[in-house]
Amino acid sequence: MKNLILSLTVIVLLSSCATGSSSGEAVDSTAVESEFIEYNNPPAEGFNQEGSDLLATLLADKSMLAMGGREAWDQTRYIKWTFFGRRDHTWDKWTGDVRIESPGDDLTIIMNINTKEGKAMKGGEEVTDSLTYYLQAGYEMWVNDSYWLVMPFKLKDSGVTLKYLREDTTQTGQRADVVSLSFEDVGVTPQNVYEVWIDTDSKLVTQWAYFPDSTTLEPRFITPWTDYNKYGEILLSGNRGRNSLSNIEVLSEVPEGTFTDF
């Protein structure tokens with residue numbers, strides 16, 4: 001935390017120098033670039049930069065770097081995982097194509113999360129009359145299940161506002177800085193609010209808390225965010241306390257027909 005405050009102080013001082021010089025000497029523009037530049041983690045279009053705290057945004061950048069860095073995240077294409085033992089996902093991050101298999105429902109959905117177009121098979125039969133319903137259900141499954149896996153990479157997503165809250169410890173006693181995430185006009189439940197614990201030393205997310213909305217005083221749940229492993233060039237975490245994300249893989253290719261054939 002002290003290092004973060006020092007970094008921000010340097011940023012302010014450099015910015016002050018950039019506005020003018022008593023000696024009249026030109027100031028090297030590269031010398032006044034903020035610390036954010038070194039993390040190479042520009043926000044998504046629509047991220048609430050103006051409404052977000054500088055310190056919270058810097059923590060998001062440091063967390064991205066700890067997870068492997070923005071370039072590694074952007075170059076990651078196919079991600080597979082099983083959500084809480086219920087649903088299997090294969091996601092083409094570059095195109096938005098997803099394959100969702102829910103064995104308990106005897107349901108397979110193949111769709112694009114950007115266009116919300118696709119197809120579904122239920123009980124061994126391709127869905128026709130109620131396809132819109134199943135595609136919306138598939139989209140909501142993906143939004144929920146992927147956020148549980150890759151949230152730390154999405155701290156500066158469109159519609160997100162970041163606020164620094166406090167220094168704290170996790171339920172296991174690890175020191176961390178706590179940042180809140182709120183949303184506007186994005187996702188399925190934009191009224192939700194999260195608090196995220198970013199470890200003081202590793203800069204990895206180690207815990208999160210969920211609030212149904214900004215008026216809720218106590219979190220609905222608090223769960224750990226641990227058991228990090230390297231997949232491809234990025235780190236992902238599978239432990240969520242009583243539940244887990246399993247069968248995690250990062251792939252450079254997937255079998256032919258993954259996003260086209262039942």
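Only this structure's heavy atoms are used, side chains among them; waters, hydrogens and symmetry mates stay out.
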query: Judged by modelled atom types alone, do Ser246 and Ser244 share a side-chain donor-acceptor pair under 3.5 Å?
result: no
Nearest 0.5 angstrom please: [X] [atom1] to [Y] [atom2], how far?
{"X": "Thr90", "Y": "Asp97", "atom1": "OG1", "atom2": "CG", "value": "11.0 Å"}
{"X": "Thr206", "Y": "Asp199", "atom1": "OG1", "atom2": "CG", "value": "5.0 Å"}
{"X": "Trp142", "Y": "Phe83", "atom1": "CH2", "atom2": "CZ", "value": "13.5 Å"}
{"X": "Leu149", "Y": "His89", "atom1": "CG", "atom2": "NE2", "value": "9.5 Å"}
{"X": "Leu235", "Y": "Trp73", "atom1": "CG", "atom2": "CH2", "value": "12.0 Å"}

message: Could you see if Trp197 belongs to whatever hydrophobic cluster contains Val205? Use Ile, Leu, Val, Met, Phe, Trp, Tyr and a side-chain cutoff under 4.5 Å.
response: no
query: Mind checking whether Val250 and Met64 sit in one hydrophobic cluster, side chains of I, L, V, M, F, W, Y counted as touching below 4.5 Å?
result: yes
- prompt: On the ring face of Phe262, is Lys119 found with NZ or CZ under 6.0 Å from the centre and within 45° of the axis?
  reply: yes
- prompt: Between Tyr194 and Tyr147, how do the two ring planes meet: parallel, tilted or perpendicular, split at 30° and 60°?
  reply: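 Aromatic pair Tyr194/Tyr147 classed tilted.
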- request: Describe, in one word, how the ring planes of Trp81 and Trp91 are oriented to each other, choosing from parallel (under 30°), tilted (30 to 60°) and perpendicular (over 60°).
  value: perpendicular
- request: Run the salt-bridge test on Arg86 and Asp145 with the 4.0 Å N-O cut-off and return the result as yes or no.
  value: no
- request: Kindly state each residue pair satisfying salt bridge (charged side-chain N to carboxylate O under 4.0 Å, His left out) with at least one member in residues 41-60, sequence neighbours excluded.
  value: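 Sorted result for residues 41-60: Asp53-Lys163.
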- request: Taking all non-hydrogen atoms of both residues into account, name the closest pair between Ser63 and Pro152 and its distance.
  value: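 Scanning both residues, the minimum pair turns out to be OG-CB, 4.3 Å.
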task: Count the heavy atoms belonging to other residues, nucleotides or ligands that lie under 6.0 Å from CD of Gln136, then report whether that count exceeds 12.
output: yes
